[in-house]
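What follows is a single structure, written as structure tokens, with notes after it.
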Number of protein chains: 2
Amino acid sequence: MPKDRSPTRIQKKNRAAILEAALEVFSAHGFRGATVDQIATQAGLSKPNLLYYFPSKEAMFTALLSELLDTWLDPMREINPEGDPLEEILAYVQRKLQMSRDYPRESRLFANEIVQGAPRMLDALSTDLRGLLEEKCAIIETWMAAGKINRTHPKHLMFSIWSLTQHYADFDVQVRMLMGDEDPFDAAPEFLETLYRRMLTPKG
Amino acid sequence: MPKDRSPTRIQKKNRAAILEAALEVFSAHGFRGATVDQIATQAGLSKPNLLYYFPSKEAMFTALLSELLDTWLDPMREINPEGDPLEEILAYVQRKLQMSRDYPRESRLFANEIVQGAPRMLDALSTDLRGLLEEKCAIIETWMAAGKINRTHPKHLMFSIWSLTQHYADFDVQVRMLMGDEDPFDAAPEFLETLYRRMLTPKG
DNA sequence: CTTGGATTTGACCAACTGGTCAAACTCACG
DNA sequence: CGTGAGTTTGACCAGTTGGTCAAATCCAAG
């Protein structure tokens, strides 16, 4: 295992290669379904070499999670309390949809883990996600109280956004199988915009 | 392996116990993450005994899938072309939500499999699901053409219903962690009814 | 160029896992 | 009862997998 002084050129390169490979393999097969050998092959390194950089398979997984969770939550952080309520929420939906299009592996990584009870992620979630959600829900509630958007259950509203957008990444194979040639991401942005505009525009 | 004449009392009981245990274990850990031993313990039988009833782990899994897929699609089958369009869709949403509440393991079983690319399910899906979806989307399109509900992309509409309802089963741990004491299924029915009513009621 | 730390790996191990099998046991039925 | 088919299992096997380690190789700083 590398000493924890400032990382060498090689350490930086290999750690990055391993985490990229780990993302590829873990997101496709889940933690248990992935093997260290697969990740090693994907990264172009030998298995013992991986275990020189990470003490265990588990450590690779948690390192990957903590590296990604922050970026994953960025779209939500960008919700601006000062902006126009409806437009803020619509923009958030579009950012989340972009994430599903551009980073489907990340989405599936989290999906895999949460569906199985999030045994290795609950702590991180209840730390980082919980607070952020409370904060944004409070904002949404003031918007509702001010009559800027229709009144509804803020948490369920957020869940619905996560669910609808991540569905296109997590259930990609099913969606594509059912849509044939058509690219799901062609119509999805408009569909979701319409949905939330009708849902939230006041005086419905 | 039992002969394929009419099953004995013991065969019926044990096959059922095995499939119930398999559902429990596969839905919690995915195919690769589940072990035959776990299923055996859960079923109260020995490992070789399971393999007396099913030739392989794979066979247990596919038997389970094909047994469940039919019931899983029932709520969609019940959509009635003769009924009131908006009410038919709202009722479908509620049926799906009930499924998530009452059969979360089934939902997670499918979710696990599809997130990982549905390697053992794509055939069944493209046979059973594809046709059913086309049929129901055609109905929805006539409803839209007749101005009974707002015009939108029918397939995306169906995806949205699956996504929103199954989210409460598949991401159960996350949802409950974020909602604290409150039961997600208390507010979900009303939330979803409001959402689809606003989305679909004509002249929005 | 030397040298000591950083990096890499072939060989190996113990635990686990899906699956087999012959022997033992149970049960329905005559 | 007795008997043969139906059922159960302990012992076992081969392949896989996470992880170890000593030896070999590489590399950057003096």
Side-chain angles (χ1 to χ4, degrees), chain A residues 1-65 112-113 116 119-120, chain B residues 1-65 112-113 116 119-120:
Chain A
M1 193 162 46
K3 304 282 167 71
D4 53 358
R5 62 186 69 177
S6 75
T8 68
R9 173 182 60 88
I10 296 180
Q11 270 168 44
K12 265 188 276 196
K13 192 192 57 167
N14 282 351
R15 248 190 87 95
I18 292 170
L19 287 177
E20 158 66 25
L23 172 58
E24 185 72 23
V25 176
F26 280 135
S27 68
H29 305 290
F31 179 78
R32 184 75 151 56
T35 74
V36 179
D37 251 328
Q38 275 176 62
I39 300 173
T41 304
Q42 181 80 28
L45 299 170
S46 70
K47 184 171 64 161
N49 205 358
L50 291 218
L51 294 163
Y52 169 71
Y53 288 100
F54 293 91
S56 68
K57 180 185 173 184
E58 184 99 23
M60 288 175 218
F61 192 77
T62 54
L64 186 61
L65 281 185
N112 254 310
E113 189 61 8
Q116 299 187 11
R120 291 161 261 272
Chain B
M1 194 163 45
K3 304 284 169 70
D4 54 358
R5 63 186 70 178
S6 74
T8 68
R9 172 183 61 90
I10 296 179
Q11 271 169 43
K12 265 187 274 195
K13 192 192 58 169
N14 283 351
R15 249 190 86 96
I18 292 171
L19 287 177
E20 158 66 26
L23 172 59
E24 186 73 23
V25 176
F26 281 134
S27 69
H29 305 290
F31 180 78
R32 184 72 149 61
T35 73
V36 178
D37 252 328
Q38 276 176 65
I39 301 174
T41 303
Q42 182 77 29
L45 299 170
S46 70
K47 184 171 65 161
N49 204 358
L50 291 218
L51 294 163
Y52 169 72
Y53 289 100
F54 294 91
S56 68
K57 180 185 173 183
E58 184 98 24
M60 286 174 220
F61 192 78
T62 53
L64 186 60
L65 282 186
N112 254 309
E113 188 62 7
Q116 299 187 11
R120 294 162 260 273

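Keep in mind that what you see is a predicted model, and the values were worked out from it rather than measured.
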**OP:** Specify the separation, in whole Å, of atom NZ of K12(A) and atom P of dA6(C).
**Re:** 16 Å
Original post:
Expressed in angstrom and rounded to an integer, what is the separation of M60(B) atom CE from dG18(C) atom C1'?
Top reply: 9 Å
Original post:
Is the distance from OP1 or OP2 of dT7(D) to the nearest side-chain N or O of T8(B) less than 4.0 Å?
Top reply: yes
Original post:
With a 4.5 Å heavy-atom cut-off, do F54(A) and L19(A) have their side chains touching?
Top reply: yes
Subject >> Nearest to side-chain heavy atoms of K57(B), which nucleotide of dT7(C), dG19(C), dT17(C) >> reply: dG19(C)
Original post:
Is the shortest heavy-atom distance from the side chain of K13(B) to the side chain of T8(B) under 4.5 Å?
Top reply: no
Original post:
Rounded to the Å, how far apart are F61(B) CZ and dG18(C) C1'?
Top reply: 16 Å
Original post:
Is the phosphate of dG6(D), meaning OP1 or OP2, less than 4.0 Å from a side-chain N or O of N14(B)?
Top reply: no
Original post:
To the nearest angstrom, how far is N49(A) atom CG from dG18(D) atom P?
Top reply: 16 Å
Subject >> Parallel, tilted or perpendicular, as decided by the 30° and 60° cut-offs, for the rings of F26(B) and F61(B) >> reply: perpendicular
Original post:
Between T35(A) and K47(A), is any pair of side-chain heavy atoms under 4.5 Å apart?
Top reply: no
Subject >> Phosphate OP1/OP2 of dT7(C) contacted by Y52(A) side-chain N/O (<4.0 Å) >> reply: yes
Original post:
Starting at CG of D37(B) and ending at P of dT9(D), how long is that distance when rounded to a whole Å?
Top reply: 13 Å
Subject >> Under-4.0 Å side-chain N/O to phosphate OP1/OP2 contact, R32(B) with dT17(D) >> reply: yes
Original post:
Hey, what do you get for CG (L64(A)) to CD1 (I18(A)), rounding to the nearest 0.5 Å?
Top reply: 11.5 Å
Subject >> Student check: side-chain heavy atoms of Q38(B) and H29(B) closer than 4.5 Å >> reply: yes
Original post:
Along nucleotides 20-30 of chain C, 5' to 3', which nucleotides get a B, which get an S, and which get a -, given that the test is a protein heavy-atom distance under 4.0 Å?
Top reply: BB------S--
**OP:** Considering just the side-chain nitrogens and oxygens of Q11(A), establish if one lies under 4.0 Å of OP1 or OP2 belonging to dA6(C).
**Re:** no
**OP:** Would you kindly give the CD-to-C1' distance between E58(A) and dT17(D), to the nearest whole Å?
**Re:** 15 Å
Subject >> Sugar-phosphate only, base, or nothing, as touched by A34(B) at under 4.0 Å among non-hydrogen atoms >> reply: sugar-phosphate
Subject >> Rounded interatomic separation in angstrom, taking OH from Y53(A) and C1' from dT8(C) >> reply: 8 Å
**OP:** Report yes if some heavy atom in the side chain of Y53(A) is under 4.5 Å from a heavy atom in the side chain of M60(A); otherwise report no.
**Re:** no
